[in-house]
Amino acid sequence: MDKSEAIRRIEELRKVLRDNSYKYYVLNAPTMSDYEFDQTMKALEALEAEFPDLVTPDSPTRKVGSDLDRGFAQYPHRYPMLSLGNTYSIQEVEAFAQRADKALESGFTYCCELKFDGTAICLNYVDGKLFRALTRGDGVVGDDVTANVRMISNIPQTLKGSGWPRDFEIRGEVLMPFEAFERLNAEREEIGEAPFANPRNAASGSLKLLNPQEVAHRGLWCTLYHIPSQSVSYETHDAALSAAASWGLPVSDLRRICHGISEIEDYIGYWDVHRKDLPYATDGIVIKINEMALQTTLGFTAKSPRWAVAYKFQAEQALTKVVSIDYQVGRTGAVTPVANLEPVPLSGTVVKRATLNNKDWMDQLDVRVGDSVYVEKGGEIIPKITSVELSARPSDSVKPHFPDTCPDCGSALVKEEDEARWFCPNQDGCPTQIKGRLEHFLSRKAMNVIAGEATVNQMYNLGLVLTPADFYDLDARSLMLLENWKEKSVKRFLESLEASKSTPFEKVLYALGIRFVGESTAKELAQHFGDVDSIANASLEDLRAVGDVGDVIAASVYEYFRDSRHLAMIERLRAHGLRFSTAGPQSKASDALAGLTIVISGNFSISRDDMKAVIEANGGKNSSSVSGKTSFLLAGEKAGPEKLRKCEELGVRVVSEKEFLEMIPSREQAPAEVKEPTLFDL
Ligand code: IVH
């Protein structure tokens, strides 16, 4: 390649890398697979090696990608936050080990770790307390996400044990475990929001939320894996991590000390298979020289340490063909393009469909019917089309036409500003939306009535139901009209419908299907206002005062209750006996704590969440910090010293668990919410 060609190609590669780095780090919506990105970076590195005078300090090969976001204050990193050299080839790991052997005296060890696939975080503890948390940013300055990080349950606010330096940094990854990711995406789809493509994007998107209360609901999790050597004095990296673990910091114990390449290869081989059993995403193995002194000897390049390398697992990919593209209308009217694929096996399942998210995404991919496309699962749950094999594009292929009208009812589609998706505005006449709302109303997390899509479809087609209130007018005679329904199925359905009348208010509110009101928002609204009339009469400002309710949700709730058809339907449901307030024997155990604002701290004989539920069930209000308004601090074992000190300062009473239990009717009567323990609670 001659120089002018090299200049052109280098600029081209840099542009591709910068564009994708922005989509990856800032938009949390990459359009290139990690593998393609890494290969493009390697191509640029090779060209820059061949033409060293074309290297510039701002080349993506010299700089880490930036996640800086205007919504946050920024602070400089004490030590630059670097990336890792990575490879997909075992031979290159072998070459790394050979170089280490040559450069270092014998007797050193490697510390092999999982490469966690989340978003990097740097925590600063001062005097044993979490002082500041920064994202990687551009490696030099990071976004201050301290308030959000305080909402991550396994990050301690205060260290335990002893021996921690007065002021030190520890770095790691914020992850969203698969379970939380699936829950979040299900909730987003329920409320008509685009799902996150993978847990990594979900984690970094969540860490950048502007409302910390919302972060608390996201189920984020953290694992720490690096203490800059300037911060502590331990002989080995492994010893530093063990010390950090003894201070209560979350450090993975899946790391292994390896004595040479064959042990490293065993570790890689083991995790390439078993990583599928982990509850969070990993995308490779990190191999680090374990001795701190040797790390210092080897030092850093501009972008990464010389003492570590990442071996990345190849994301599983498959090549298949797009057979057709469907445009699906959801219950909120959002139109989602979905590609039907020639079935192809991938990571243990057969992939037949892949979402194309929205029109912009489709345009970016430039996907057409008949195209050969790469589908990838990697650590991701939803299969996605990562790229189109343009060389195999049929010559007669045509760009797909995103519909202008609703594929179901024919209404002209509309798009709101700031929305990537197109919507069918015909809420009351579009059969798919109506049926979607009816199904949602009966669904398990809502009214939990035994009836699925097919039943609702039949009922709708026979003209038996149009709004949820119509379900409660159904009688045995009309239900017998349904195909294959006999007395037994009719009886089962009517019993299930009757049982649904005692569904708690928060679930009824969720069942109404108000746009953007998912399960947790419905719960917050129900708890805050207590009954539907108070919500219906609330001003926008009143609504915005509720936990995670922002402008968008507030506007949606406000509008919902300004529609007289909705109010009439609620009246009908109320007349049928559905619960429209939190009061009542099932949601309240007693009023023993009415009017009291209680802060809890420490560990109890039941989980903290359960304890909060007990407080609420007995009429009390939970609050997170001690203030003049606090009625008392309910202190369990290891209650926070800071909270206790504040109580002393403000003269707030401290109550033990035993004393507390004496204040309320016996515990069996209080409906504590039962939560399944997750791996992280154990
Ligand atoms: S060590 C000085 N260890 O991978 C380098 N990084 O692709 C310190 N990562 O920027 C990083 N798991 O965000 C290290 N066990 C692990 C890791 C890990 C994930 C991330 C980290 C890093 C990126 C590089």
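We count residues from 1, following the sequence as given. Hydrogens, waters and symmetry mates play no part in the numbers below; they use all other heavy atoms, side chains included. Order of listing sets the numbers, starting from 1, for every ligand and every atom in it.
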At under 4.0 Å between heavy atoms, is it the side chain or the backbone of [X] that contacts ligand 1, or both, or neither?
| X | result |
| --- | --- |
| Tyr225 | side chain |
| Glu113 | side chain |
| Val286 | side chain |
| Glu173 | side chain |
| Leu114 | backbone |

Could you tell me whether a side-chain N or O of [X] sits under 3.5 Å from a main-chain N or O of [Y], the two making a donor and an acceptor?
| X | Y | answer |
| --- | --- | --- |
| Tyr225 | Gly172 | yes |
| Lys303 | Pro60 | yes |
| Asp143 | Val145 | no |

Tell me, which protein residue and heavy-atom name are nearest [atom], and how many Å apart are they?
| atom | result |
| --- | --- |
| atom 10 (O) of ligand 1 | Arg136 NH1, 2.9 Å |
| atom 12 (N) of ligand 1 | Phe116 N, 3.0 Å |
| atom 2 (C) of ligand 1 | Pro305 CG, 3.7 Å |
| atom 7 (O) of ligand 1 | Lys115 NZ, 3.1 Å |
| atom 3 (N) of ligand 1 | Lys288 NZ, 3.0 Å |

Numbered atoms of ligand 1 (with element) below 4.0 Å of Ala120, judged on heavy atoms:
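Counting from 1, the qualifying ligand atoms are 13 (O).
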
Under 4.0 Å from a heavy atom of Leu82: give me the atoms of ligand 1 that qualify, with their elements.
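Every atom of ligand 1 under 4.0 Å from some heavy atom of Leu82: 10 (O).
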
Parallel, tilted or perpendicular for Phe300 and Trp307, by the 30°/60° rule?
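Ring orientation, 0 to 90° scale: perpendicular.
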
Any chance the side chains of Glu48 and Ser59 put a donor and an acceptor closer than 3.5 Å?
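On atom types as modelled, these side chains qualify, holding a pair under 3.5 Å.
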
Do we see a donor-acceptor contact under 3.5 Å between the side chains of Glu92 and Thr87?
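The answer is yes; a qualifying pair exists.
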
Which heavy-atom pair separates Val373 from Ile385 by the least distance, and what is that distance?
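So the minimum-distance heavy-atom pair works out to CB-CG2, 3.7 Å.
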
Determine whether Glu376 and Lys384 satisfy the following criterion, salt bridge (Lys or Arg N to Asp or Glu O under 4.0 Å), listing intermediate values before the conclusion.
CA-CA 6 Å; Glu376 197 174 283; Lys384 65 170 185 185; 5.4 Å; no

